[in-house]
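This report refers to the structure that appears directly beneath it.
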Amino acid sequence: QVQLVESGGGLVQAGGSLRLSCAASGLIFNLYRMNWYRQAPGNQRELVASITGGGSTNYADSVKGRFTISRDNAKNTVYLQMNSLKPEDTAVYYCNANYLSTWDYWGQGTQVTVSS
């Protein structure tokens with residue numbers, strides 16, 4: 001059974017940093033594209049950052065230069081380093097694992113709140 005467990009969310013002041021982690025189990029981790037999504041109240045879920053098994057990355061324009069996605073295939077873990085946080089980054093952040101657009105798994109989400 002596939003499990004994705006996020007951690008690292010919390011409350012931080014604007015300008016601060018947080019590091020999210022997502023530990024995966026039950027899948028061949030290095031085959032999966034790993035993604036971080038977020039959803040703020042009243043908004044649709046949006047893709048924040050993604051990383052392939054080989055380490056190629058993509059970012060939403062709103063987080064470029066502030067967020068960094070990385071992965072450790074030996075630990076089956078993906079990270080999202082978030083710097084220079086803004087109040088508009090406040091959302092529930094979800095880890096997603098996707099393989100060939102067919103196998104698709106989600107974590108339970110972790111709350112990130114940025115105060116002004």
Side-chain angles (χ1 to χ4, degrees):
Q1 182 176 354
V2 175
Q3 283 192 312
L4 302 177
V5 180
E6 299 105 331
S7 60
L11 173 64
V12 64
Q13 288 188 331
S17 298
L18 283 174
R19 188 195 196 202
L20 305 183
S21 299
C22 171
S25 60
L27 50 70
I28 304 174
F29 184 74
N30 63 333
L31 293 180
Y32 281 74
R33 174 185 291 270
M34 298 301 297
N35 308 297
W36 285 100
Y37 285 78
R38 67 186 180 187
Q39 187 168 20
N43 290 359
Q44 290 190 333
R45 193 171 294 189
E46 62 171 347
L47 178 63
V48 174
S50 65
I51 185 168
T52 66
S56 296
T57 58
N58 277 293
Y59 298 92
D61 287 343
S62 59
V63 306
K64 280 181 181 176
R66 300 188 298 122
F67 290 11
T68 302
I69 189 171
S70 61
R71 65 192 293 161
D72 186 335
N73 288 338
K75 294 183 178 180
N76 285 10
T77 301
V78 62
Y79 306 96
L80 186 67
Q81 177 67 44
M82 305 186 293
N83 298 330
S84 302
L85 282 161
K86 304 175 181 180
E88 50 264 45
D89 295 318
T90 295
V92 178
Y93 283 70
Y94 296 91
C95 178
N96 169 260
N98 186 275
Y99 178 57
L100 298 180
S101 300
T102 299
W103 290 270
D104 194 68
Y105 305 100
W106 292 88
Q108 80 287 353
T110 186
Q111 177 70 46
V112 171
T113 303
V114 184
S115 63
S116 57

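It should be emphasised that the depicted structure is a prediction, and the values quoted were computed from it without experimental measurement.
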Legend entry - Exceeds 12 heavy-atom contacts within 6.0 angstrom, atom CD1 of Ile28: no
Inset, instruction - Report yes or no: does Arg71 contribute a side-chain atom to a donor-acceptor pair with the main-chain N or O of Thr52 at less than 3.5 Å? - result: yes
Inset, instruction - Begin from the C-alpha positions of Trp36 and Phe67 and carry the test ring pair (Phe, Tyr, Trp, His ring centres under 6.0 Å) through to its verdict. - result: CA-CA 11 Å; Trp36 285 100; Phe67 290 11; over 10 Å; no
Inset, instruction - Locate the shortest heavy-atom distance separating Ala24 from Phe29; write the atom from each residue and the value. - result: CB-CD1, 3.7 Å
Legend entry - CD-CD distance between Gln44 and Glu46, expressed to the nearest 0.5 angstrom: 10.0 Å
Legend entry - Cluster link Leu100 to Val78, ILVMFWY, side chain under 4.5 Å: yes
Inset, instruction - Tell me whether the centres of the aromatic rings in Tyr37 and Tyr94 are closer together than 6.0 Å. - result: no
Legend entry - Verify same cluster id: Leu18, Leu11 (apolar side-chain graph, 4.5 Å): no
Legend entry - Heavy-atom check, side chain of Thr68 versus side chain of Leu80, under 4.5 Å: no
Inset, instruction - Could you state whether Trp106 and Val92 fall into the same hydrophobic cluster, counting links through intermediate Ile, Leu, Val, Met, Phe, Trp or Tyr residues with side-chain heavy atoms under 4.5 angstrom apart? - result: yes
Legend entry - Donor-acceptor pair, side chain of Asn35 and main chain of Val48, under 3.5 angstrom: no
Legend entry - Glu6 side, atom CD; Cys95 side, atom SG - distance, nearest 0.5 Å: 5.5 Å
Inset, instruction - For side chain to side chain donor-acceptor pair (under 3.5 Å), just list the numbers for Asp72 and Thr77, CA-CA rounded to whole Å, side-chain angles, deciding distance to a tenth of an Å, and then say yes or no. - result: CA-CA 5 Å; Asp72 186 335; Thr77 301; over 6 Å; no
Inset, instruction - Scan Arg38, Gln111, Gln39 and name whichever one has a side chain to side chain donor-acceptor pair (under 3.5 Å) with Tyr93. - result: Arg38
Inset, instruction - Following the transitive rule for hydrophobic clusters with a side-chain heavy-atom cut-off under 4.5 Å over Ile, Leu, Val, Met, Phe, Trp and Tyr, establish whether Val2 and Ile51 coincide in one cluster. - result: yes
Inset, instruction - Establish, yes or no, whether the cationic atom of Arg19 lies under 6.0 Å from the six-membered ring centre of Tyr79 and within 45° of the ring axis. - result: yes
Legend entry - Verdict with reasoning, Asn96 to Met34, per side-chain contact (heavy atoms from CB on, under 4.5 Å): CA-CA 6 Å; Asn96 169 260; Met34 298 301 297; over 6 Å; no
Inset, instruction - Please answer whether the main-chain N or O of Ile69 pairs with a side-chain N or O of Gln81 as donor and acceptor at a distance below 3.5 Å. - result: no
Legend entry - Flag side-chain contact, heavy atom, 4.5 Å: Leu27 against Tyr32: yes
Legend entry - Nearest-0.5 Å distance, CD of residue Gln13 to OG of residue Ser115: 5.0 Å
Inset, instruction - Determine, stepwise, if the pair Asn73 / Asn30 fulfils side chain to side chain donor-acceptor pair (under 3.5 Å). - result: CA-CA 6 Å; Asn73 288 338; Asn30 63 333; over 6 Å; no
Legend entry - From CG (Asn98) to CG (Asp104), nearest 0.5 Å: 4.5 Å
Inset, instruction - Would you check if the side chain of Thr90 reaches a backbone N or O of Val114 as a donor-acceptor pair within less than 3.5 Å? - result: yes
Inset, instruction - Please name the pair of heavy atoms, one in Ala14 and one in Pro87, separated by the smallest distance, quoted to 0.1 Å. - result: CB-CD, 4.1 Å
Inset, instruction - Let me see the working for Ser50 and Arg33 under side chain to side chain donor-acceptor pair (under 3.5 Å), right down to the final yes or no. - result: CA-CA 7 Å; Ser50 65; Arg33 174 185 291 270; 3.2 Å; yes
Legend entry - Residues Lys86 and Asp89 bridged, charged N to O under 4.0 Å: no
